[in-house]
Amino acid sequence: MLFSKMLIPTLREVPADAEAISHILMLRAGYVRQLASGLYMYLPLGWKVLNKINAIMKEEMDAIGGQEISLPVLHPAEIWQQTGRWDAIGDEMFRLKDRTDRDMCLGMTHEEIMTWLASREIKSYRDMPQVWYQIQTKLRDEARPKSGILRTREFLMKDSYSFDISDEALDKNYRLHAEAYHRIFERCGLKFFMVESDPGMMGGAVSHEFMAPSPAGEDEVALCPSCGYSANVELALSRPRETELAGWEKAEIHTPEKRTIQEVSNFLKLTPDFFIKSILVITDNGPVLALVRGDQELHEKKLSRVIGQHRPAQKAEVKEILGVEAGFIGPMGQTVKIIADPCLKDGMYVSGANKPHYHVRGIMAERDFTAEWHDIHVARSGDICVKCGDALAVERVIEIGNIFKLGTKYSSALKALYLDENGTEKPIIMGSYGIGPARIAAAAIEQNHDKDGIIWPKSIAPFDVEILPLNMKDPLTIDASEKLYRELKERGIDVLMDDRDERAGVKFKDADLIGIPFQVILGEKTLREGLVEIKNRKTKESLRVPLSTAIGMIAL
RNA sequence: CGGGGCGUAGCGCAGUCUGGCUAGCGCACCUGCCUUGGGAGCAGGGGGUCGGAGGUUCGAAUCCUCUCGCCCCGACCA
């Protein structure tokens, strides 16, 4: 491809709206343009990258027996109503009506439609296992699109679905997908981990996420370097580092006007880890008192998994329910349901005395209060791994893929049933598996760039090599570059030639920005010595070799 | 949805507080000359509903009201 003929609108300056590195570089290097919030167009270079990623995904999906199909983007409401997600999913679903006033929606995922298909076409245990996948557009009315193509309202997804007769068979498809996903992300040149995750609205019991470490990510994962434990912080188990054991006699202390942990901690000259933080929340089934250690944060999602939907209590509610104003509440003597973090099981603590302007020193679990024990604190770097006792690391990550064991949630609701060998009707056991190719591209840039631009992994670069004839008015340069271009193309190399009549500096800047892994530089002087220069975008090392040798070297 | 910021040429910005002549600058773009190993130089040129609507005023990019859009933080997130 000739640069002069291709739409590659590079930008010299950083667009004001972009903040994430991948976003800035994709705009500057002419890969994407934004249409509206969360809506992006892929220009020729961007689309080539996406297609390379898609090709890798297809190969690996086909390799585990996946069959590519294509489903509609526009869905009738009834199917979503049957699984309950028409109501369970709120504003995130784009909804519309057709001309006959029938409710429709735009697909944000395809469990319903895939299961509908399975309900018609899979009838016997002999028909399984099946794995169907597609690479197709999803639409979600995101509350807050952000970071360029990392979180958009319309995006491509590779989604696959497995249909099995038993949990063991599902396990196998789940494992095959996990392995395929490992290969896909490896081939795309990403650093990533697979972590335990919260199935959330997808239903099902088990799920894992594939996470690419990057400061631009929206999630955090806890990782144990020793035993390999890894989980999204939304459910990562950890033990905060232990504190000293205090040997107090239990006693009330006057703490006038000292309400927050910080205030009381300063007042008593005790570090926050000697305190119990008591947080009152309101659920549909009444109030719950959540306890974490004073130096810890309560994790809302972890608590939600234990007690369901809840909201923080208002000041008036605290007083009404616990009989004391906020700031002096504590677990002692309370009759409300208490959920406490396990790190409070041992040791002695200070907490509110349930009496205005008093705290109690020397509180012990079981002796002074009883609770249900659940890990509800936010895991942090340096916390102790519950599996092996080593220190955990917490890293910021981009979610690039996920896999779910769905079980029979969708097949039961949509009557996707089959007959087993005994002639008994049973719901199909399902799994669903997703990858966002745009996130792979963005993560690859986040992980591979320098001050000059993108450094693509070879496997997903838009071209294999870029030829830079530095002086387009020099006949020798033109001849040599055209020869090189032709011969590389003949050998099946995907090559971009910067044939623009631009100065050398412009071509160098653009080439580095665009990030094709190898540059072949044809300068007048070196060419007269019969040499061209092969430069590695990543290492910036270059090699001077005869033209004929260059062709052979690049062809490798 | 809550908080903050911003909309002036393709991109980056100044001008707005304190209203005033023909709305400016850099880059990009077009023409010519020149130049060709890291975003050159000179000369000439094109491009603007100042996000939109309404209002105040002799006069509005600038003041007032409403509205639309975009970004960031948070909530939310199959």
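Note: hydrogens, waters and symmetry copies are ignored here, and every other heavy atom, side chains too, is used. Residue numbers start from 1 in every chain, and the chains themselves are labelled A, B, ... in the order their sequence lines are given, proteins ahead of strands.
- In this structure, Asp512(A) reaches the bases: a heavy-atom distance under 4.0 Å links it to at least one base atom across the strands shown.
- Computed from coordinates, the Leu27(A) CG to rG12(B) C1' distance equals 14 Å when rounded to whole Å.
- Closest to the side chain of Ala143(A), out of rU36(B), rG74(B), rC76(B), is rC76(B).
- Rounded to whole Å, atom C1' of rC11(B) lies 19 Å from atom CE of Met26(A).
- Taking the six-membered ring for Trp and the full ring otherwise, the centers of Phe192(A) and His182(A) sit less than 6.0 Å from each other.
- Nearer the 5' end of RNA chain B, as judged by each residue's closest nucleotide, is the contact made by Glu524(A), out of Glu524(A) and Met157(A).
- At a threshold of 4.0 angstrom between heavy atoms, the contacts of Ala36(A) are confined to the sugar-phosphate backbone, with no base atom among them.
- The base of rG69(B) does not come close enough to the side chain of Ser37(A) for any donor and acceptor atom to sit less than 3.5 Å apart.
- For Phe210(A) and Phe185(A), the ring centers are positioned less than 6.0 Å apart.
- Ring planes of Tyr42(A) and Trp47(A): tilted class, angle from 30 to 60°.
- Contact annotation: side chain of Glu502(A) to base of rG39(B), donor-acceptor pair absent below 3.5 Å.
- Between Gly38(A) and Arg544(A), the one whose closest nucleotide on RNA chain B sits nearer the 5' end is Arg544(A).
- Considering only the side chain of Asp17(A), rC71(B) comes nearest among rG37(B), rA28(B), rC71(B).
- Of the candidate nucleotides rU36(B), rG39(B), rG12(B), rG12(B) has the atom lying nearest to any side-chain atom of Ala16(A).
- Here the side chain of Lys146(A) is nearest to one of rA40(B), rC72(B), rC70(B), namely rC72(B).
- Ion pairing of Lys507(A) with Glu466(A) is absent here, as no side-chain N (NZ or NE/NH1/NH2) approaches a carboxylate O to less than 4.0 Å.
- Summarising the geometry, the separation between CG on Asn471(A) and C1' on rG38(B) is reported as 15 Å, rounded to the nearest angstrom.
- Among rG26(B), rC70(B), rG37(B), the nucleotide with an atom closest to any side-chain atom of Gln34(A) is rC70(B).
- Picking from rG39(B), rU36(B), rG38(B) the nucleotide with the shortest atom distance to the side chain of Lys535(A) gives rG38(B).
- For Thr526(A), the side-chain atoms get nearest to rG37(B) when compared with the rest of rU36(B), rG37(B), rC70(B).
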### Query
When you look at Gln134(A) and Asp159(A), which way does the side chain to side chain contact (heavy atoms under 4.5 Å, CB included) test go after all the steps?
CA-CA 6 Å; Gln134(A) 58 174 349; Asp159(A) 48 327; 3.1 Å; yes

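- Across the protein-nucleic acid pair, Leu35(A) atom CG and rC70(B) atom P stand 9 Å apart, rounded to whole Å.
- Atom-to-atom, CZ of Arg500(A) to P of rU36(B) comes out at 19 Å; the value is rounded to the nearest Å.
- Residue contacts shown for Glu218(A) are absent, as no nucleic acid heavy atom lies under 4.0 Å away.
- For the residue pair His377(A)/Lys302(A), the side-chain donor-acceptor check at 3.5 Å is not satisfied.
- Checked against the 6.0 Å centroid threshold, His208(A) and Tyr181(A) do not count as a close aromatic pair.
- Shown here, rC50(B) forms no base pair; nothing in the strands shown gives a Watson-Crick or G-U wobble contact with both key distances under 3.5 Å.
- Within the 4.0 Å cut-off from OP1 or OP2 of rC73(B), at least one side-chain nitrogen or oxygen of Arg144(A) is found.
- When the P atom of rG10(B) is taken as reference, atom CZ of Arg33(A) falls 13 Å away, rounded to whole Å.
- In this structure, rC63(B) forms a base pair with rG55(B), meeting either the Watson-Crick or the G-U wobble geometry with both donor-acceptor distances under 3.5 Å.
- Arg311(A) comes within 4.0 angstrom of nothing in the nucleic acid, heavy atoms only.
- Of the candidates rG39(B), rC70(B), rC11(B), rG39(B) carries the atom nearest the Asp510(A) side chain, counting heavy atoms from C-beta on.
- Between the NZ atom of Lys507(A) and the C1' atom of rU35(B) there is a distance of 14 Å, given to the nearest Å.
- Residue Thr477(A) is classed as having no contact, given no heavy-atom separation below 4.0 Å to the nucleic acid.
- Taking 3.5 Å as the limit, the base of rG37(B) and the side chain of Arg528(A) contain no donor-acceptor pair of atoms between them.
- For Arg503(A) and rA40(B), the shortest distance from a side-chain N or O to OP1 or OP2 is below 4.0 Å.
- Taking atom CD1 on Ile21(A) and atom P on rC72(B), their separation rounds to 14 Å, with Å as the unit.
- Set against rG12(B), rC71(B), rG38(B), the side chain of Lys509(A) has rG38(B) as its closest nucleotide.
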